[in-house]
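First up is the structure itself, then whatever we jot down about it.
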Amino acid sequence: MSSGAGKTVCVTGASGYIASWLVKQLLLRGYTVKASVRDPNDPRKTQHLLGLEGAESRLMLFKADLLEQGSFDSVVEGCVGVFHTASPVYHHVLDPQAELLDPAVKGTLNVLSSCAKTPSVKRVVLTSSIAAVAYNGKPRTPDVVVDENWFSDPDYCKDLKLWYVVSKTMAEDSAWKFSKEKGIDLVALNPAMVIGPLLQPTLNTSAAAILKLIKGAETFPNATLGWVNVKGCCNCTYTGI
């Protein structure tokens, strides 16, 4: 197990499902964590974080807005690594641009802009999604090799109104282009549906899908879908930090 003693890292959107577990594991490894949340005064978003082992001495909460330029400057200051997990997860939206696309794309670029101005940052880890690589209309027959060149097609997904998929695809694409331009060491994770124990008091999207299966609240197509444990997802993030 790697040690983070003496190192400071940032986690954006820290009250989220994956992010909460990430904060927990970083604290257990000895890191000091600067965590951004939309409202530090909302106990539903912060109480479970403040109660984590090590939080009293090594967790600092910051208010930050994905759409506010420079909002993350103070959060990433002094950090050696930045874990960008903040991104809305909605599958039913009325205004895709405002509810999904702007927070995902502009938010990612705002965080990366802050990182580009901060010499201490050695690596940025972006929590992307399998959504960014799996939807392009191409056949996935046994002879097809799916590799790092395989990305979702935003136009194809817009036609299908898969707005969450569009948001994750555009956000990751923007992140790679910006990082290459600015010389940022970027790593992207593309997990499928993430499940496991909840730390936060609210039900997240992937856990809600399991609850619907248990209750029989929704009829699902005869299809397969990838799943990953939240602890395993977080364990993939520490390389080089």
Q | Residue pair Thr12, Val75: steps toward the side-chain contact (heavy atoms from CB on, under 4.5 Å) verdict | A | CA-CA 9 Å; Thr12 69; Val75 192; 5.9 Å; no
Q) Run the side-chain contact (heavy atoms from CB on, under 4.5 Å) check on Leu52 and Val23 step by step: do they pass? A) CA-CA 9 Å; Leu52 294 172; Val23 171; 3.9 Å; yes
Q) Between Thr8 and Lys34, is a side-chain contact (heavy atoms from CB on, under 4.5 Å) present by the stated rule, with each step listed? A) CA-CA 7 Å; Thr8 300; Lys34 300 175 76 174; 3.7 Å; yes
Q: Could you walk me through whether Lys117 and Asp73 pass salt bridge (charged side-chain N to carboxylate O under 4.0 Å, His left out), step by step?
A: CA-CA 8 Å; Lys117 295 183 287 186; Asp73 287 359; 3.0 Å; yes
Q: Evaluate side-chain contact (heavy atoms from CB on, under 4.5 Å) for Leu28 paired with Glu53, printing each intermediate quantity in order.
A: CA-CA 7 Å; Leu28 288 174; Glu53 183 179 338; 3.6 Å; yes
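Side-chain contact between Asp173 and Phe151 is absent, with no heavy atoms from C-beta onward closer than 4.5 Å. Taking the side chain as every heavy atom from C-beta outward, Pro40 and Val37 approach each other to under 4.5 Å. The shortest side-chain heavy-atom distance between Val82 and Val111 falls under the 4.5 Å cut-off. Between Ser36 and Phe72, some side-chain heavy-atom pair lies under the 4.5 Å cut-off. For the pair Val187 and Leu126, the minimum side-chain heavy-atom distance is 4.5 Å or more. Val11 places a side-chain heavy atom less than 4.5 Å from the side chain of Leu26. The side-chain heavy atoms of Leu59 and Leu49, taken from C-beta on, include a pair separated by under 4.5 Å. Counting heavy atoms from C-beta outward, Ile195 and Asn229 have side chains that stay 4.5 Å or more apart.
In terms of the side chain to side chain donor-acceptor pair (under 3.5 Å) criterion, residue partners of Thr108 (sequence neighbours excluded) are, by chain and number, His84. Remark: Leu162 engages Tyr135, Cys157, Leu160, Val165 in a side-chain contact (heavy atoms from CB on, under 4.5 Å) (not counting sequence neighbours).
For the atom pair CD of Gln200 and OG1 of Thr46, the computed distance is 13.0 Å after rounding to the nearest 0.5 Å. The distance from the SG atom of Cys234 to the CZ atom of Phe83 is 9.5 Å, given to the nearest 0.5 Å. For the atom pair His48 NE2 and Leu199 CG, the distance stands at 6.0 Å (nearest 0.5 Å). The line from CZ of Phe178 to OG of Ser113 is 3.5 Å long, rounded to the nearest 0.5 Å. A distance of 12.0 Å separates CZ of Arg29 from NZ of Lys7, quoted to the nearest 0.5 Å. One distance of note links OG of Ser20 with NZ of Lys45; it measures 9.0 Å at 0.5 Å rounding.
Surrounding CG of Asn222 are at most 12 heavy atoms belonging to other residues, nucleotides or ligands under 6.0 Å away.
The shortest heavy-atom contact between Gly226 and Ala192 is O-CB, 3.1 Å. Across every non-hydrogen atom of Gly196 and Val230, the tightest pair is CA-CG1, 4.2 Å. Among all heavy-atom pairs drawn from Ala132 and Thr169, the shortest one is CA-OG1, 3.4 Å. Summarising the geometry of Cys79 relative to Val9, their closest heavy-atom pair is SG-C, 3.6 Å, with the distance given to 0.1 Å. The shortest non-hydrogen separation linking Thr118 to Gly78 is CG2-N, 4.1 Å.
Residues Glu172 and Asn190 bring a donor and an acceptor atom of their side chains to less than 3.5 Å of each other.
Between the side chain of Ser71 and the main chain of Asp65, a donor-acceptor pair closer than 3.5 Å is present. Arg38 contributes no side-chain N or O that, together with a main-chain N or O of Lys63, makes up a donor-acceptor pair within less than 3.5 Å. Distance alone, capped at 3.5 Å, places no donor-acceptor pair between the Gln69 side chain and the Asn110 backbone.
Electrostatic pairing of Asp185 and Lys122 does not count as a salt bridge here, judged by no charged N lying under 4.0 Å from a carboxylate O.
Taking hydrophobic clusters as Ile, Leu, Val, Met, Phe, Trp and Tyr residues chained together by side-chain heavy-atom distances below 4.5 Å, Val133 does not share a cluster with Val145. One hydrophobic cluster, built from ILVMFWY side chains closer than 4.5 Å, cannot hold both Leu67 and Leu109; they sit in different ones.
Residue pairs meeting the side chain to side chain donor-acceptor pair (under 3.5 Å) criterion with at least one partner in residues 149-168, sequence neighbours excluded, are absent.
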